[in-house]
Amino acid sequence: MKKIGVLTSGGDAPGMNAAIRAVVRKAIYHSMDVYGIKYGYQGLIDGHIEEMEIGSVGDIIQRGGTQLYSARCNEFKTDAGQEKALAQLKKHGIEGLIVIGGDGSFRGAQKLADKGFPCIGVPGTIDNDIAGTDFTIGFDTALNTIIDAIDKIRDTATSHERTYVIEVMGRNAGDLALWAGLADGAESILIPEAPDEFDNVLERLKRGHARGKKHSIIILAEGVGSGIEYGQRIEEATNLETRVTVLGHIQRGGSPTAADRVLASRLGAKAVDLLRNGQSGKMVGIQNNQLVEHNITDVVAERNEINHDMYKLANELSI
Ligand code: ADP
């Protein structure tokens, strides 16, 4: 294989740039040509395709977002859209494609693989919600952004003796909330995978208040419901002054942590190796600090499980 393409798709995540850099440099190291495809599958259909050089990815390893931009593209979900994409790849002489994104993006990559075009997926999403890998690119950075925000909220929460509900990202996945809750000693962690009874949350709050706790932090993944509504319910039920912070898109941005840069570099390079070895329809991942590969069809069919021991521990430590 002499010519490959790379694109980023779906929700962006810090560390995607480090992954692009790794793909480009690793391919050039092996004397391959690399093409950057802008705006995800939309740009592939529309032909936003440019050759990349060693210098094209200089000074981006530390930047959040994605230099190739990302997009959502409904046309690519259709057979006609996929055929247009294949025609563009053929026109540029591209023989293999690396897709950095989440499970939706992988479903798209699998469609091309099913049509005989070699595709490899690299997991990039802050949600850490992809089966077959312990971590996704962007999760560690988003987690640290949340911790930084909660630490600041904690200062003001203590000064005013308030209860705080913090809504974090995670529509179907509670990993950000779970890890943030454990890292920040939250009273309660509400995640889609393990909905806690409202009464338990109240019980914990009241217990803490009775023993003179100055503040309480409740972390809620967005998939559980609205943080604002939850805060109102808490205030009505406890009479404790309750404030809500919805962290929103700050969780997506920022310079990637060292862990994310290293992960992105390893996974991006591994993806190039798989294409060089003639593989297709695979996702690269990391498990027990070893690089692994799994069939995309298996990865998207499986539900990513949270670590239930960690959830139990967080509850034990918040007595
Ligand atoms: P993520 O990759 O972050 O999960 P999305 O679910 O929005 O993000 O998917 C990103 C893009 O991948 C979609 O806009 C679409 O172009 C493509 N895609 C998603 N699902 C499919 C599918 N079943 N078939 C083809 N393409 C898909």
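Because the structure is predicted, anything quoted here is derived from the model rather than measured.
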Would the distance check show the side chain of [X] and the main-chain N or O of [Y] forming a donor-acceptor pair, the cut-off being under 3.5 Å?
X      : Y      : answer
Ser255 : Arg63  : no
Ser318 : Asn315 : yes
Ser9   : Tyr41  : no
Asn17  : Gly64  : yes
Gln251 : Gly248 : yes
Glu222 : Val168 : no

For [X] versus [Y], what's the shortest heavy-atom pair and its separation?
X      : Y      : result
Ala269 : Ala22  : N-CB, 4.0 Å
Ala271 : Ile120 : CB-CG2, 3.7 Å
Ser216 : Glu187 : CA-OE1, 3.1 Å
Asp140 : Asn144 : O-ND2, 2.8 Å
Ala149 : Leu247 : CB-CD2, 3.8 Å
Gly253 : Thr145 : O-OG1, 4.3 Å

**Fill in**
Of Thr297, Asp298, Asn295, the one forming a side chain to side chain donor-acceptor pair (under 3.5 Å) with Lys282 is Asn295
Could you point out which residue of [options] forms a side chain to side chain contact (heavy atoms under 4.5 Å, CB included) with [X]?
X      : options                : value
Leu240 : His209, Lys206, Glu235 : His209
Ile218 : Val244, Thr163, Ile189 : Thr163
Val165 : Ile228, Leu190, Thr242 : Thr242

**Asked** Under a 4.0 Å N-O cut-off, is there an ion pair linking Asp273 with Arg276?
**Response**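 Arg276 and Asp273: salt-bridged.
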**Message:** One thing to verify: whether Asp129 and Arg171 come together as a salt bridge, which I'm taking to mean a side-chain N less than 4.0 angstrom from a carboxylate O.
**Reply:**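 Result for this pair is no, no salt bridge flagged.
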Evaluate whether atom [atom1] of [X] has more than 12 neighbouring non-hydrogen atoms of other residues, nucleotides or ligands under 6.0 angstrom away.
X      : atom1 : result
Lys213 : NZ    : yes
Glu197 : CD    : no
Tyr29  : OH    : no
His92  : NE2   : yes
Ile54  : CD1   : no

**Request:** Please list, chain by chain and in numerical order, all residues satisfying side chain to side chain donor-acceptor pair (under 3.5 Å) with Asn74, sequence neighbours excluded.
**Result:** none
**Message:** Check for me, please, whether Ile137 and Val57 land in the same ILVMFWY cluster - side-chain distances under 4.5 Å, paths through other members count.
**Reply:**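 They do share one cluster, since a chain of ILVMFWY contacts under 4.5 Å joins Ile137 to Val57.
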**Message:** salt bridge (Lys or Arg N to Asp or Glu O under 4.0 Å), that's the test. Do Arg233 and Glu229 meet it? Break it down for me.
**Reply:** CA-CA 6 Å; Arg233 279 180 70 197; Glu229 282 171 23; over 6 Å; no
**Request:** Flag the pair Leu143 / Leu176 as yes when at least one side-chain heavy-atom distance between them is below 4.5 Å, and no otherwise.
**Result:**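 Answer yes - side chains close enough.
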**Request:** With the side chain counted from C-beta on, respond yes when Leu97 and Leu44 share a heavy-atom pair under 4.5 Å apart, and no when they do not.
**Result:**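 Side-chain contact under 4.5 Å: yes.
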**Item:** Test item: side-chain donor near acceptor, Thr141 and Arg261, under 3.5 Å
**Value:**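 Looking only at side-chain atoms, Arg261 and Thr141 do not form any donor-acceptor pair under 3.5 Å.
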**Prompt:** Given Asp79, which of Lys115, Lys111, Lys84 fulfils the salt bridge (charged side-chain N to carboxylate O under 4.0 Å, His left out) condition?
**Reply:** Lys115
**Prompt:** Taking only residues at least two apart or on different chains, which pairs with a member in residues 276-319 satisfy ring pair (Phe, Tyr, Trp, His ring centres under 6.0 Å)?
**Reply:**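 Every candidate ring pair (Phe, Tyr, Trp, His ring centres under 6.0 Å) pair involving residues 276-319 fails, so no pair, neighbours aside, qualifies.
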**Item:** ring pair (Phe, Tyr, Trp, His ring centres under 6.0 Å) pairs, two or more places apart, involving residues 155-191
**Value:** Phe135-Trp179, Phe139-Trp179
**Prompt:** Parallel, tilted or perpendicular: which fits the ring planes of Tyr39 and His48, with parallel below 30° and perpendicular above 60°?
**Reply:**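 Perpendicular: the ring planes of Tyr39 and His48 meet at over 60°.
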